[in-house]
Amino acid sequence: MGHWLPRAGIAALTACALAACGTGTGGDDPAGKGEAALTGRGPITLATGKDNSGVLPKVIDRWNAAHPEERVRVVELSDSPDEQRQRMIQDAELKSGEFSVLNLDVVWTAEFAANRWVVPLPENRRDTGAFLEPTLEGASYRGQLYAAPWTSDGGLLYFRKDLLRKAGAKPPRTWAGMKKTCAAVRKLPEAKGMSCYAGQFEKYEGLTVNFAEMVASAGGSLVDGRGRPHADSPEALKGLRFFADGIRDGMIPQKAITFKEEQGRQAFQQGRLVFHRQWPYQWTLANADDGSSKVAGAFGVAPLPGLDGPGVSSLGGHNLAISSAAENKATAHDFIRFMTGERMQRENLLLSSNAPTRTALYDDRKLVDKYPYLPVLKKSILGAEPRPRVVRYGDATAAIQEAAYGALSGEVRPKKALAELQRKLQRINGSP
Ligand code: GLC
């Protein structure tokens with residue numbers, strides 16, 4: 001079984017300052033937050049968003065075969081993060097204990113921790129050096145770990161390398177370059193009827209991700225280091241305008257405002273897009289040689305473009321946390337350590353191309369041979385911009401989605417949408 005703590009970390013803890021030390025069962029309220037110890041063994045559940053890669057049954061079977069008395073049952077929720085969050089909050093408020101382990105989107109940590117819907121983990125942050133720092137940040141609230149980083153996510157620019165080559169073009173570094181390259185590609189007979197670009201522009205969490213990237217890639221920041229919003233900055237306006245204009249002038253198909261990850265993936269796999277902003281999970285599925293993808297082997301992956309140079313990704317990813325109402329917390333904790341251990345992360349990467357959270361896997365020669373984009377992805381994650389880290393995340397993301405969708409669908413002028421968003425975010429943030 002993979003250990004969540006690196007060996008050195010475990011050795012350093014032999015004084016057993018943490019009850020989890022050595023046994024994997026404990027938890028003595030390390031943060032002094034009045035949480036119960038991680039006790040209780042038996043069957044548990046894992047509540048998670050839709051398993052688009054189909055990887056979970058394989059991984060869970062592995063655990064269940066080794067732990068017949070402590071089996072895990074997967075409760076698969078919607079493919080929309082907003083709906084997943086609603087369901088998990090509902091369960092937390094009912095204290096039903098139906099969900100033992102929660103697969104939390106990286107942006108929900110503050111909300112779930114502050115409301116005590118999940119318990120603090122006994123692992124000491126200082127002893128988790130094997131993980132990429134932003135993934136630990138995203139799993140912490142006020143310096144305390146509340147979840148274990150399971151998968152990370154960084155936005156990548158998928159491009160049709162076959163068509164770019166034919167057009168004599170390289171992957172673009174700027175938005176304007178992408179537009180120009182696309183115009184050249186579209187002149188090729190084999191690109192007939194293709195659209196240039198799509199991201200996740202439906203009104204849901206993916207739009208918050210994409211909008212935050214537009215702002216950051218234009219040199220702005222939706223929320224600064226102190227949590228203050230800057231949605232009405234000139235950079236935010238330039239970013240949002242480029243994409244709103246793109247929909248108006250046909251660079252982005254009108255239909256893209258109905259795309260979540262999966263609809264965009266289908267469009268890309270069917271050969272309808274030259275460029276697609278997408279997470280790493282698409283790599284494996286779009287390369288499938290079972291006939292489901294028309295672009296297997298014909299695409300590459302590059303950093304996201306930006307206004308004047310390379311763009312900035314939003315930080316995505318998922319962390320495993322233990323529900324406060326869960327009965328078998330000791331089993332839940334062991335299961336989390338199994339899932340986030342190096343062995344299972346490697347397996348997850350090999351099966352699904354989901355981004356690992358452990359640094360070593362990005363530097364592994366064999367893995368880099370198989371997934372040549374890993375260095376690009378690591379850079380994307382290390383340089384990624386977190387979405388607002390606020391307890392009232394649901395309100396913040398709803399306001400962002402409203403503004404971005406209004407502008408992209410052409411209903412509201414970008415400037416007006418951003419001014420309104422700034423007012424709402426200030427209210428949510430409690431600033432004047
Ligand atoms: C991916 C990311 C997650 C993000 C979501 C948006 O699942 O990992 O952080 O919120 O996409 O759709």
Side-chain angles (χ1 to χ4, degrees), residues 47-56 76-89 102-112 131-132 134-140 147-156 158 198-214 216 222-223 256-266 268 276-285 304 312-321 339-340 345 348-349 352-357 377-378 380-381 384-390 393-394 396-398 400-401 404-405 408:
T48 178
K50 192 164 178 338
D51 177 20
N52 289 330
S53 304
V55 65
L56 270 179
E76 203 174 334
L77 307 174
S78 148
D79 72 342
S80 162
D82 313 71
E83 286 164 21
Q84 295 160 24
R85 176 178 157 274
Q86 289 297 345
R87 266 297 273 123
M88 291 186 193
I89 292 178
L102 304 179
N103 185 16
L104 293 184
D105 196 309
V106 69
V107 281
W108 306 333
T109 310
E111 184 178 28
F112 278 67
F131 290 79
L132 295 172
T135 70
L136 290 172
E137 264 307 300
S140 306
W150 180 29
T151 57
S152 190
D153 248 346
L156 300 168
Y158 286 73
Q200 292 76 46
F201 299 148
E202 169 67 291
K203 196 177 185 182
Y204 81 116
E205 185 60 33
L207 181 54
T208 298
V209 166
N210 279 252
F211 171 67
E213 282 171 357
M214 293 171 197
L222 187 50
V223 179
I257 60 170
T258 65
F259 283 7
K260 294 196 282 223
E261 281 83 359
E262 283 294 88
Q263 289 80 11
R265 175 171 77 81
Q266 292 301 345
F268 188 72
H276 186 213
R277 182 262 173 233
Q278 180 63 290
W279 306 109
Y281 87 98
Q282 177 171 281
W283 176 272
T284 296
L285 296 170
L304 294 177
V312 178
S313 168
S314 289
L315 181 67
H318 289 86
N319 306 319
L320 299 177
M339 293 290 270
T340 56
Q345 287 215 15
N348 196 1
L349 171 62
S352 69
S353 63
N354 274 324
T357 52
L377 177 59
K378 182 178 175 192
S380 157
I381 292 170
E385 178 95 355
R387 280 162 275 170
R389 282 202 176 114
V390 290
Y393 188 74
T397 191
I400 295 168
Q401 292 168 31
Y405 193 81
L408 292 178

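These values consider heavy atoms only, across backbone and side chains, with no hydrogens, waters or symmetry-generated copies. Atoms within a ligand are numbered from 1 in the order they appear, just like the ligands themselves. Computed from a predicted structure; not experimentally measured.
For atom 6 (C) of ligand 1, the choice among K50, Q278, Q200, E261 with the nearest heavy atom turns out to be E261.
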Worksheet item: side chain to side chain donor-acceptor pair (under 3.5 Å) between T258 and Q263: does it pass, once the steps are laid out?
Response: CA-CA 8 Å; T258 65; Q263 289 80 11; over 6 Å; no

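Legend: residues meeting ring-ring contact (aromatic ring centres under 6.0 Å, His included) with F112, ordered by chain and number and at least two apart, are W117. Under the side chain to side chain donor-acceptor pair (under 3.5 Å) criterion, E202 pairs with no residue at all, not counting sequence neighbours.
Listed by atom number, the atoms of ligand 1 under 4.0 Å from P81 heavy atoms are 6 (C), 12 (O). Those atoms of ligand 1 that come under 4.0 Å of a heavy atom in D153, given as number and element, are 1 (C), 2 (C), 7 (O), 8 (O). Atoms of ligand 1 found under 4.0 Å from any heavy atom of E205 (numbered from 1 in listed order, with element): 10 (O). Close approach to R387 involves these atoms of ligand 1, each under 4.0 Å from a residue heavy atom: 3 (C), 4 (C), 9 (O), 10 (O). Taking every non-hydrogen atom of G206 and a distance limit under 4.0 Å, the qualifying atoms of ligand 1 come out as 6 (C), 12 (O).
Judged purely by distance below 3.5 Å, without hydrogens or angles, the side chains of T208 and T397 pair a donor atom with an acceptor atom.
From the protein, the heavy atom lying nearest to atom 3 (C) of ligand 1 is D105 OD2, 3.2 Å.
Looking at heavy atoms from C-beta onward, Y281 lies in side-chain contact with S53 at the 4.5 angstrom threshold. With contacts defined as side-chain heavy-atom distances shorter than 4.5 Å, the pair S313/I381 does not qualify. L320 places a side-chain heavy atom less than 4.5 Å from the side chain of N103.
Heavy atoms of H318 found under 4.0 angstrom from ligand 1 belong exclusively to the side chain.
In terms of N/O distances under 3.5 Å, ligand 1 is not approached by V209.
For V107, the heavy-atom gap to ligand 1 stays at 4.0 angstrom or more.
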